[in-house]
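Order of the sequence lines fixes the chain letters, A, B, ..., with proteins taken first and strands second; residue numbering starts at 1 for each chain.
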There are 2 protein chains.
Amino acid sequence: MADSGTTGRNPKAGAQRDRPPTIRDVAELAGVATSTVSRALARPERVNPRTRVRIEEAAAQLNYVPSSQARGLSSGRTNAVAVLVPDITNPFYFDIIRGTQHQLKAAGVTQLLVDTEESSDMELDALHKMRKSADGFILAASRLTDAQLAEVSQSQPLVTFNRASTSAPTVMIDTPSAIIQALEHLASLGHHKVCYVAGPPTSWSNQMRWKVFEEDATKRGMEIHRIGPYTPKTTSGAAAADAAVRTGATGCIVFNDLLAIGMLQRLKARGIRVPADMSIIGSDDIFGADFCNPPLTTISSPIEQAGRVAVSMLLAQLNPLSGSAPRQLAVMPTHLTIRESTGPAPA
Amino acid sequence: MADSGTTGRNPKAGAQRDRPPTIRDVAELAGVATSTVSRALARPERVNPRTRVRIEEAAAQLNYVPSSQARGLSSGRTNAVAVLVPDITNPFYFDIIRGTQHQLKAAGVTQLLVDTEESSDMELDALHKMRKSADGFILAASRLTDAQLAEVSQSQPLVTFNRASTSAPTVMIDTPSAIIQALEHLASLGHHKVCYVAGPPTSWSNQMRWKVFEEDATKRGMEIHRIGPYTPKTTSGAAAADAAVRTGATGCIVFNDLLAIGMLQRLKARGIRVPADMSIIGSDDIFGADFCNPPLTTISSPIEQAGRVAVSMLLAQLNPLSGSAPRQLAVMPTHLTIRESTGPAPA
DNA sequence: AACCTTACGGCAAGCGGTTGCCAAAAGTTG
DNA sequence: CAACTTTTGGCAACCGCTTGCCGTAAGGTT
């Protein structure tokens with residue numbers, strides 16, 4: 001009836017006070033080999049129901065938690081996914097982080113959050129340094145070049161968000177449609193002179209937005225302006241607002257809400273009325289867009305859901321299911337949320 | 001001159017295409033034992049400068065990145081810290097996450113972000129499940145009871161934020177001072193009937209705020225009301241606003257900005273003017289507090305810095321420096337940021 | 001020159017799991 | 001009931017890195 005042979009440890013009730021129990025302790029208590037415990041936990045069908053129950057009870061009694069480290073070492077998987085965002089300061093990314101966090105947690109995977117500070121070097125660096133500590137990556141608004149992206153995606157599973165890529169699965173926001181809706185809205189309010197307020201030049205979505213803007217506005221015969229680039233923060237809004245006013249445009253489509261809100265503040269300070277004198281359309285519908293002053297008309301998209309989808313796609317890539325090939329592209333729908341920052345063009 | 005003996009691998013230029021290089025590959029290339037490589041990387045002074053250089057070059061050439069998993073397994077440290085927040089949805093926590101993220105990254109430690117969904121069970125669970133995968137924990141606004149906290153803090157290093165604890169190092173916000181300042185502000189504007197709009201009952205800071213509010217307002221001879229609890233989200237603002245109006249109070253101190261902003265929206269919808277009819281003071285000075293309508297008077301505190309401090313305290317606990325005992329308590333200063341949601345009491 | 005320190009680097013035993021391989025046990029079948 | 005198949009569980013070799021212990025060569029002392 002030896003209750004604990006080799007080690008001097010005594011796995012008695014709770015066993016909370018000792019050094020954390022290992023798989024060996026469980027095996028001992030259940031009277032089986034460690035390999036059996038391992039199997040009972042990982043592939044239950046591989047072991048006899050009776051022994052399995054015994055093992056589970058032992059594990060529960062010892063309050064056993066497998067070490068993800070050790071598991072990772074031998075299995076080669078970390079059960080963690082890194083999420084890289086350009087700027088953790090930006091509420092937009094919070095939404096996506098929420099989405100990934102949620103879905104990742106549901107899958108029992110740990111989220112490693114990384115702020116790349118809008119720098120492609122940091123991004124590359126993180127990708128490199130963490131290749132051993134994460135099973136896959138989600139690149140939000142990646143600043144990488146196509147070539148870099150292609151290379152990286154070859155050596156590790158990843159999915160990009162808001163950054164088209166031919167080499168990796170991507171979830172995108174339907175920007176073209178969004179811009180067209182926005183322009184349509186402006187047109188229907190009688191605006192003829194429109195301005196695009198640009199964000200970071202390295203941002204793919206910025207390029208995309210401008211491209212569609214230019215095309216569509218031209219098609220409509222509008223007078224087009226473009227100002228920027230601006231860093232996408234409220235603090236850049238003042239400069240952007242001043243520049244926008246100077247173009248003579250009556251309607252602006254702004255790279256993102258942060259910038260747009262900054263502009264709103266400046267315009268108010270300068271006594272320029274929104275929307276009476278100028279209409280502003282933001283993008284992303286971030287937290288705050290609904291209660292700023294005036295509430296911001298903006299391009300909405302289910303960002304949080306986009307995060308979830310990105311995770312699903314990555315997970316599908318990591319655990320290739322039987323049958324269907326994983327989805328390579330998801331496009332999130334957009335719609336224009338019309339609030340009070342847009343109105344009829346001044347006479 | 002055997003250039004690669006045992007394994008068939010050929011560590012030639014780049015070696016990017018092979019399976020990732022291990023410490024063994026580096027050792028082989030540099031012509032030393034793996035232990036030496038390990039030391040050269042961890043405690044450079046422990047090896048001869050010449051060999052160290054050789055090793056570093058080898059590592060660089062192979063593009064070697066140590067496996068944090070393996071490192072953790074043998075050293076018993078994970079080089080990761082888990083940050084537990086009650087609600088990742090709440091901008092307030094974003095600020096603290098930013099702070100921890102920043103400081104953690106500076107220390108080369110990975111941040112594991114966990115959303116405990118305002119549940120003490122989930123919190124306990126995470127604490128338990130992750131004890132092997134994190135070296136320490138930062139508990140933001142922990143929902144744990146004192147007893148739980150005491151127990152947990154015994155088995156693993158942690159620091160609490162915005163949750164007093166005698167058992168663990170804590171960083172707090174100087175709530176008493178803040179509430180007193182707020183009340184003083186209200187008093188100076190002629191308000192006599194004040195109302196505290198409560199947040200989650202399990203929130204320590206909520207209890208604290210109420211306690212100080214009650215004390216100080218009583219001392220000033222004000223008429224005191226209390227409504228709530230409300231979930232700290234903008235969506236609860238409507239109910240809170242209606243209830244607040246009903247109390248007849250002319251000045252409200254609200255658990256947090258989220259709730260306060262929600263109230264602002266409702267009051268506006270109901271045609272109740274802020275601050276002409278009612279003054280509102282929020283707490284936290286979150287993103288958006290400055291551009292809501294009207295801009296919110298609120299209790300500000302360097303939240304992001306609090307996150308950094310929390311990390312420092314935790315790190316100090318993990319690597320006990322020679323000399324001084326680590327700090328057990330940090331109190332972040334607060335000040336009242338007066339914007340436009342407070343004004344003279346109605347006549 | 002003989003002796004003692006020190007600094008440096010190697011050996012090997014783990015850390016806590018996973019997994020391929022194999023033998024014993026249990027279940028089938030004619 | 002023997003021969004055969006399928007389950008079930010144990011053995012042991014790793015996974016990649018750290019670290020205590022120890023031998024050796026280099027430098028310092030009288």
For A:F137 and A:Q156, which heavy atoms make the closest approach, and how far apart are they?
CE1-OE1, 3.2 Å
Looking at every strand, decide which applies to B:S35 at a 4.0 Å heavy-atom threshold: base, sugar-phosphate, or nothing.
base
Min side-chain heavy-atom separation A:Q69-B:T78 under 4.5 Å:
yes
Which residue lies toward the 5' end of DNA chain D, B:R39 or B:Y64, if each is placed at its nearest nucleotide?
B:Y64
One thing to verify: whether A:R98 and B:D87 come together as a salt bridge, which I'm taking to mean a side-chain N less than 4.0 angstrom from a carboxylate O.
no
For C:dG9, does OP1 or OP2 lie under 4.0 Å from any side-chain N or O of B:T51?
yes
B:T36 side chain near C:dG10 phosphate (N/O to OP1/OP2, under 4.0 Å):
yes
Answer yes when A:E45 and A:R39 have at least one side-chain N-carboxylate O distance shorter than 4.0 Å, and no when they do not.
no
Checking side-chain polar atoms at under 3.5 Å, does B:T160 have a donor or acceptor matched by the opposite partner on B:T170?
yes
Write down the distance between CG (B:L41) and P (D:dC17), rounded to a whole number of angstrom.
10 Å
Charged N-O contact under 4.0 Å between B:E304 and B:R308:
yes
Report the end-to-end axis angle of the helix from C:dA1-D:dT30 to C:dG30-D:dC1; each axis comes from five terminal pairs, and the value is rounded to 10°.
30°
Under-4.0 Å side-chain N/O to phosphate OP1/OP2 contact, A:S38 with C:dT18
yes
